Every structure is written in C-alpha cells, then in structure tokens.
Protein chains: 2
Amino acid sequence: MTSPPQRPDLAAMLAPLLRETAAAELPVLEEHGLTMWGYSVLVALDRSSMRTQAALAEAIRADKTRIIPTLDELQAQGYIERRPDPDDRRVRLLAITESGRAVKDAAQTAIQRGEDRWLSKLSPTDRDAFLRALQQLTDAQP
Amino acid sequence: MTSPPQRPDLAAMLAPLLRETAAAELPVLEEHGLTMWGYSVLVALDRSSMRTQAALAEAIRADKTRIIPTLDELQAQGYIERRPDPDDRRVRLLAITESGRAVKDAAQTAIQRGEDRWLSKLSPTDRDAFLRALQQLTDAQP
DNA sequence: TATTGTTATACTCTATAACTATA
DNA sequence: TATAGTTATAGAGTATAACAATA
C-alpha cells in the first residue's frame, strides 16, 4: 500500500534554484567590487534610507553584528553615508550615495541580464506568472 | 540620471522563500522523527536505490562525509538498508525500507498540506504556472 | 537604567585531510 | 596502488555575550 504520487516539496525545489542563482550572481558582484552582503545593503538603502543599523539589519534579515564589517567597507568605498544622528548620537543615519546607487544599478542590470537568459527556458506566460508569484509570495512575508 | 526601475533579482526573492519553507518544514519533520538531511536521503532513496554512499551524497548535493551520521541514524531507525556489496565489500548498497517509505510519505503529505495553504495566496492560474516553472527550472539543473 | 553600536567569544556547520578496509 | 567508507581536524560563517558611549 503506497501513497499517491506527490510533488517534491517547495524547499527541495527552491534550494538548488537559490544555490544556482546565487552562484551566478557572485562573479558579477565581484566584478563590481561588491560582496553579497554589500549588495544586499545597497539594495535595501536604495529602497529607503535607515535611521539605525539595527533596522537595516532586520530589513535584510541579518544579525546586527554581522553587517558591521560590511558597512565599514561600503563606507570606505564611498557607497553609503553613515553619520551620527545629531539628535541622538548613539544612532547612525544610513543612506546610499550617488556612486553607491550607480554601482548597485550596474550590478543589478548585469545580474538580470544573466537571469533573463536563464528564465527564457520558460514560456512567456509561465515566466510572467512565475515572477508575479515569486514577488507576491516574497511580499507576503510576515 | 537614475536607471529605469528594476525587478528584484531572483536570489533576493528566493532566499526568504527558502528560509520560510524550510522553517515551516522543520517542526513537521521533527514530529516524524526526521532531520532535514534524513528526509532528503529518504526522498532520494525513494526515487531509486543507490550502490554507493558517494553516489547518494552527490545526488543530494552533500559531502560524502556529511551524510554518514545521517545514514547511521536512519539505519538505526530501520528506515534504510545499508549492506556491503558481496561483489565488492568496500561498497555499501543503500535502499529505503517499507517503514522508511511510510514515514517519508507521511512527512511529505504533512509538509505539502502546509504548503498548499501557503500557495493558496496565489490565483489558481499563477499557482499552477509557479509550480510548473519551479519544476522546469529545477529539472534543467546541470 | 536602557539603548545603539562595537568588539570578543563561542558555537554550528561544513569541508579537508588522515586513516582503515578492501580491491 | 587505488577506491569506499570512516574518523579527526581545521576552517568559514554565524550568533551570543560582554563592552563602551550616549541617552
């Protein structure tokens, strides 16, 4: 007595996909002098400036201690601003700079060029639905 | 001069999704007395028996040393068979047992029940396309 | 005393290398 | 000598805990 046929569970399908997309991104990011975490920070700060490092860490689901070396580097590269809040000098105000936005846009464009080639394995209909579903599920995150 | 609006890159969308689906699986697996790696091994051996542990490790993209404690545990639980090949006693023949298949099916069913509730956020059309695309992209793995 | 950011420590997971047994 | 499996060691990445500055 065997069970009915089952589809693979989502995590089992997502894991190799993430591994592959992340592996494809890495060399592109490296060409632009960015790490995965650095890129992640730039994307987040491009969406909106942040008033504390803790808030930024939470936004990208990282530990607050983990992003500190990343912020040090991005600041040294001139890609972010990070200055004490005059009203509360414990707090660091974080924002992306002009050149930070430029390098982030360049990297993002290059990454998506690769991904588009990859997504072309799908029919246009499935491709659109896939991206739409992905975005919906990601946004629905609690 | 800013770039045109861009969609998030795939890895950035896949990462939180994987994290969430994996986190949802964990307690279910625990209820069935399985670890993530143990479950992964059972799914692989359910698809097909393996002649060596190295082949199994490669099939689930794991290091051959990493799965040994997992195999020890599964064997002790009676979920897999693992006996030396009489023709080459260096080799271990691996197969899932009846009870191994039963626990794997039970866990998989429970996991998918949770995922279906989760996927119901999508329209039926998008849901089907999403799963189809996911499977296509996963299969296309080199 | 509570909070932000930082540094130092410990822990988990994984891979590398050394070892045993078979061939 | 080469290979499958195992064990022991070391490394990377991460989180936890202690610390300094400010409120």
Side-chain angles (χ1 to χ4, degrees), chain A residues 11-12 15-16 18-20 22-23 25-27 29-30 34-41 44-45 48-76 79-95, chain B residues 11-12 14-16 18-20 22-23 25-27 29-30 34-41 44-45 48-76 80-95:
Chain A
L18 175 59
R19 181 161 31 207
E20 180 159 325
E25 279 192 16
L26 218 58
L29 290 176
E30 208 165 328
L34 293 173
T35 65
M36 200 79 91
W37 285 114
Y39 177 63
S40 176
V41 165
L45 288 182
S48 124
S49 300
M50 297 273 177
R51 212 186 80 85
T52 70
Q53 295 183 182
L56 170 63
E58 196 193 342
I60 63 174
R61 308 246 204 164
D63 192 274
K64 66 169 182 168
T65 66
R66 196 167 55 182
I67 63 171
I68 291 177
T70 302
L71 296 179
D72 292 344
E73 192 184 11
L74 289 173
Q75 187 176 25
Y79 294 155
I80 63 169
E81 267 183 30
R82 184 204 208 177
R83 54 194 171 74
D85 183 346
D87 295 347
D88 180 346
R89 301 219 318 286
R90 294 174 303 181
V91 166
R92 305 277 175 275
L93 301 174
L94 301 168
Chain B
L14 290 171
L18 175 60
R19 181 162 31 207
E20 181 159 325
E25 279 193 15
L26 218 58
L29 291 175
E30 209 165 328
L34 293 173
T35 65
M36 200 79 92
W37 284 113
Y39 178 62
S40 176
V41 165
L45 289 181
S48 124
S49 299
M50 297 272 177
R51 214 185 80 85
T52 69
Q53 295 183 183
L56 171 62
E58 196 194 342
I60 64 173
R61 309 243 203 165
D63 193 275
K64 65 170 183 168
T65 67
R66 194 168 56 181
I67 62 171
I68 291 177
T70 302
L71 296 179
D72 292 344
E73 192 183 12
L74 290 173
Q75 188 177 23
I80 63 167
E81 267 183 31
R82 184 203 210 177
R83 53 192 172 74
D85 183 345
D87 295 347
D88 181 345
R89 302 222 314 289
R90 293 173 302 182
V91 167
R92 305 276 176 275
L93 302 173
L94 302 168

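Below, chain A is the first sequence line, B the second, and so on; all start at residue 1. Quick caveat: nothing in here was measured; it's all calculated off a predicted structure.
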Write down the distance between CE (Met36(B)) and P (dT12(C)), rounded to a whole number of angstrom.
-> 17 Å
Minimum side-chain heavy-atom gap Leu71(A)-Leu56(A) below 4.5 Å | yes
Which letters describe nucleotides 15-23 of chain C, given B = protein heavy atom under 4.0 Å from base, S = only from sugar-phosphate, - = neither?
-> SBB----BS
Length of the line joining Trp37(A):CH2 and dG13(D):C1', which is rounded to integer Å | 10 Å
Side chain of Thr52(B): nearest nucleotide among dT6(C), dG5(D), dT14(D)?
-> dG5(D)
Who are the side chain to side chain contact (heavy atoms under 4.5 Å, CB included) partners of Leu26(A), not counting sequence neighbours?
-> Met36(A)
Pairing residues for Arg83(A) by the side chain to side chain contact (heavy atoms under 4.5 Å, CB included) criterion, not counting sequence neighbours | Glu81(A), Leu93(A)
Rounded distance in Å - CG (Asp72(A)) to C1' (dT6(C)) | 9 Å
Separation of atom CD1 in Ile68(A) from atom P in dT16(D), rounded to whole Å | 15 Å
Side-chain N or O of Arg92(B) closer than 4.0 Å to phosphate OP1/OP2 of dT3(D) | no
Atom-to-atom span, CD of Glu58(A) to P of dA15(D) - whole angstrom | 14 Å
Rounded to whole angstroms, how far apart are CD on Gln53(B) and C1' on dT6(D)?
-> 9 Å
Pairing residues for Ala62(B) by the side chain to side chain contact (heavy atoms under 4.5 Å, CB included) criterion, not counting sequence neighbours = Trp37(B), Ile60(B), Arg66(B), Ile67(B)
Sorted by chain and residue number, the side-chain hydrogen bond (donor to acceptor under 3.5 Å, both in side chains) partners of Gln75(A) (sequence neighbours excluded) come out as Arg82(A)
What is the distance from CZ of Arg83(A) to P of dT22(D), rounded to the nearest Å?
-> 17 Å
Leu56(A) atom CG is separated from dT6(C) atom P, nearest whole Å, by 12 Å
Side chain to side chain contact (heavy atoms under 4.5 Å, CB included) filter on Ala59(B), not counting sequence neighbours, yields Met50(B)
